[in-house]
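Naming: A, B, ... by sequence-line order, numbering from 1 per chain.
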Amino acid sequence: MSSPRRKRSRMEPMDAKKDSAETSQHVKVPVSKKPAKSKVKGPAARRKSSTKGSANEDDYEGAKKVEYSNWLMKSEPESRLENGVDMKFGIEDLKMQPKQTACWDGVRNYQARNFMRDMKVGQEAFFYHSNCKEPGIAGIIKIVKAAYVDHTQFDKKDSHYDPSSQEENPKWSMVDVQFVRMTKRFIPLAELKVYYQEHAATGGPLKNMALFTRSRLSVQPLIKEEFEFILSLEDKDS
DNA sequence: GCCAACGTTGGC
DNA sequence: GCCAACGTTGGC
């Protein structure tokens with residue numbers, strides 16, 4: 001996310017158009033995304049991008065469709081202006097929202113969007129602080145509303161406005177997330193990296209962790225082994 | 001502020 | 001469909 005970055009707080013009472021059911025308050029969270037100015041015209045899906053995966057719609061890796069049980073969502077806890085809008089939205093900002101719930105808008109990357117579309121209500125995710133003094137996992141959130149249209153793509157005043165997206169065929173989605181708890185301690189990126197490197201060399205639960213293998217993705221999938229291993233770190237001294 | 005990694009754009 | 005140029009992410 002933007003990772004995040006983003007934050008703008010707008011809370012428009014109304015809008016939300018039908019889509020947003022009751023949960024979100026639009027607060028914005030963004031996450032990493034970028035400013036959206038993309039264009040892309042026609043063909044819409046231009047698939048593939050680089051590396052691995054499928055950038056756009058499909059997300060099969062081969063044929064086996066890996067099931068992801070958990071997620072990691074990045075957001076920026078420190079102020080940073082993007083098109084004049086402050087992207088700050090740390091876990092403390094989420095806690096202050098009504099119902100401690102916010103919509104994760106502003107994601108403008110196909111892989112990240114597709115992962116959000118795969119999210120199921122009730123699944124838990126790590127809230128990751130990026131682009132800040134101390135990057136790392138700060139808390140746990142859960143998905144409380146499955147993917148629906150991200151209204152900010154149509155808002156010219158929004159920093160993630162996407163002029164290429166048509167209302168009849170929206171390009172971008174978002175989910176609603178709710179604060180669950182802080183992790184027992186902050187789990188720094190640097191610490192995770194040490195485990196990743198060790199596991200990559202000798203085998204271990206974090207050997208393929210997206211935070212390192214696809215570091216720029218603002219919404220990342222986690223398999224159960226990754227999620228549980230990281231949770232086990234809460235009780236270590238570090 | 002630097003810059004590596006990588007996604008996107010768009011000409012050809 | 002290739003690929004160079006360009007833009008973004010995000011750690012350091």
Side-chain angles (χ1 to χ4, degrees), chain A residues 1-8 28-59 61 71-91 93 104-117 125-138 150 152-153 158-166 170-174 186-198 200 206 208-222 230 238:
Chain A
M1 84 150 311
S2 128
S3 260
R5 24 200 52 346
R6 72 221 27 322
K7 124 239 247 41
R8 359 126 130 247
K28 247 50 308 359
V29 165
V31 170
S32 29
K33 41 200 59 301
K34 59 210 3 349
K37 0 213 55 246
S38 40
K39 31 259 316 11
V40 166
K41 41 212 37 312
R46 337 168 138 273
R47 52 210 41 224
K48 120 171 335 59
S49 11
S50 34
T51 9
K52 54 231 339 8
S54 28
N56 277 359
E57 323 288 313
D58 357 91
D59 194 18
E61 346 249 81
W71 312 92
L72 180 149
M73 302 173 83
K74 299 180 182 177
S75 192
E76 302 184 17
E78 296 173 6
S79 289
R80 185 178 66 78
L81 297 185
E82 189 174 291
N83 302 333
V85 181
D86 191 353
M87 293 297 115
K88 176 180 183 295
F89 193 81
I91 196 160
D93 297 296
W104 206 266
D105 65 348
V107 171
R108 297 293 181 269
N109 169 280
Y110 289 114
Q111 285 195 86
R113 179 203 67 180
N114 292 346
F115 285 132
M116 287 199 295
R117 290 180 176 180
F126 287 127
F127 192 113
Y128 178 89
H129 282 170
S130 67
N131 228 350
C132 56
K133 256 343 107 65
E134 252 230 295
I137 293 169
D150 177 350
T152 65
Q153 65 196 298
D158 192 279
S159 63
H160 299 102
Y161 170 61
D162 183 355
S164 74
S165 184
Q166 304 299 304
K171 234 180 218 183
W172 307 111
S173 302
M174 64 185 180
F186 181 80
I187 303 176
L189 172 65
E191 179 180 343
L192 292 170
K193 184 183 281 183
V194 170
Y195 286 111
Y196 163 69
Q197 291 174 332
E198 176 186 321
L206 300 192
N208 296 129
M209 192 181 180
L211 194 56
F212 305 101
T213 60
R214 300 148 95 177
S215 63
R216 305 196 330 173
L217 253 192
S218 64
V219 175
Q220 314 186 343
L222 292 176
I230 294 167
S238 108

[X] [atom1] to [N] [atom2], straight-line distance once rounded to whole Å:
X	N	atom1	atom2	result
Gln220(A)	dG7(B)	CD	C1'	15 Å
Leu217(A)	dG7(B)	CG	P	8 Å
Met87(A)	dG10(C)	CE	C1'	15 Å
Leu211(A)	dC6(B)	CG	P	13 Å
Gln111(A)	dT9(C)	CD	C1'	14 Å
Leu192(A)	dG11(C)	CG	P	11 Å
Tyr110(A)	dT9(B)	OH	C1'	12 Å
Asn131(A)	dG11(C)	CG	P	6 Å

Those residues at least two apart in sequence (or on a different chain) that pass salt bridge (charged side-chain N to carboxylate O under 4.0 Å, His left out) with Glu78(A) are none
- request: For this output row, return yes or no: ring centroids of Trp71(A) and Tyr128(A) closer than 6.0 angstrom.
  value: no
Taking only side-chain N and O atoms of Tyr128(A), does any of them lie within less than 4.0 angstrom of OP1 or OP2 on dG11(C)?
yes
Checklist entry - Think Lys74(A) has a side-chain N or O under 4.0 angstrom from the OP1 or OP2 of dG10(C)? => result yes
Does the Gln153(A) side chain pair with the main chain of Asp150(A), one donor and one acceptor, at a distance under 3.5 Å? yes
Residues passing the side chain to side chain contact (heavy atoms under 4.5 Å, CB included) test with Phe212(A), sequence neighbours excluded, are Leu189(A), Leu192(A), Lys193(A), Tyr196(A), Met209(A)
With a 4.0 Å cut-off on heavy atoms, is Lys193(A) in touch with a base, just the backbone sugar-phosphate, or nothing at all? sugar-phosphate
Per atom distances to the Leu189(A) side chain, the nearest of dC12(C), dA5(B), dG10(C) is dC12(C)
Asn109(A) has its side chain closest, among dG11(C), dC6(B), dT8(B), to dT8(B)
